[in-house]
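Order of listing sets the numbers, starting from 1, for every ligand and every atom in it.
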Amino acid sequence: MVQLAHALRATDGLLIVDVQPDFCPGGSLPIPRGDEVVPVVNAWIERFLDAGIPIYASRDWHPPHHLSFREQGGPWPAHCVQDTPGAAMHPGLNLPASAFLITKGCRLDMDQYSAFDETGAGSHMRARRITRIWVAGLALDVCVKATVLQARKLGFDAIVITDGCRPVSAEGGRRALEEMLAAGTVTA
Ligand SMILES: [Zn+2]
C-alpha cells in the first residue's frame, strides 16, 4: 500500500502536462530524461482512476511555423507540430478514454505555456467541482511551472508530483520549484 503524503479527495483532479515524444529523448525539443516520467505518471493515472477522480492531459499542438519556433524568431526549435508523431501523446502513456484532452499552443498570435491559458480548462474543472489539482509532466521549469502558477492564480490548490516532472535544466528546475512553493504550491 503506497503511503501518500496527501490523501486523494473527491474534489481533486490530475493534470498531466505535455508528455509528448518531441519533449522526450529522440524528439525535436528533448528534455533530459523526459521519458522517465511516463511510468511515474502511469502509476498516478491508476491511482486516480481507482478513486474515480477526473484526469486531464494537455498537449502542445503548434501549427507549422508557429511564432514560438526559432525560424520565426521564437525561443524554441520547431516542436509538437500538429498531426506529426512528435506531437502525439507519448505512446507509453496509459491515458484512459475518459481523460479530458487540453490542446494548447495552437493560437497563431501567441504561445500558451500554461494548460489554463485560454483553453477553458479552469472553467471545466470548476464545473466539475475540482478544487485541487495534482500536476506532473514536461517541462517542470516551463509549461508545468506556468500551469501551476496559473492554477494558483485561478484559486486552485496545487500539488506538484516532483518525480513525475523533468526540467529543461537542473538549475531552472530548482528555481521553478521555489517559485511554485512561494505561490503556495505543495509537492508530492
Ligand atoms: Zn511549444
### Query
Side chains of Thr11 and Arg129: donor-acceptor distance under 3.5 Å anywhere?
no
### Query
If you measure from the Lys or Arg side-chain nitrogens to the Asp or Glu carboxylate oxygens, is any gap between Glu118 and Arg107 under 4.0 Å?
yes
Extract all donor-acceptor atom pairs below 3.5 Å that involve side chains of residues 24-40 and protein atoms in other chains or at least two apart in sequence.
unit_1 : atom_1 : unit_2 : atom_2 : d
Ser28  : OG     : Asp22  : OD1    : 3.2
Ser28  : OG     : Asp22  : OD2    : 3.1
Ser28  : OG     : Ala78  : O      : 3.0
Arg33  : NE     : Glu36  : OE1    : 3.2
Arg33  : NE     : Glu36  : OE2    : 3.2
Arg33  : NH2    : Glu36  : OE1    : 3.4
Glu36  : OE1    : Arg166 : NH2    : 2.9

#### Entry: Within residues 7-16 or reaching into it, pairs that qualify as salt bridge (Lys or Arg N to Asp or Glu O under 4.0 Å) - sequence neighbours excluded
Asp12-Arg132
Exercise answer: donor-acceptor pairs, residues 84-91 side-chain atoms, under 3.5 Å, sequence neighbours excluded:
unit_1 : atom_1 : unit_2 : atom_2 : d
Thr84  : OG1    : Val81  : O      : 2.5
His90  : ND1    : Gly92  : N      : 2.9

### Heavy-atom closest contact (Phe23 atom, Cys80 atom, distance)
CE1-SG, 3.6 Å
## Note on the structure
Checked the Zn ion (ligand 1): protein N, O or S atoms closer than 2.8 Å come out as Asp60 OD2, His62 NE2, His79 NE2
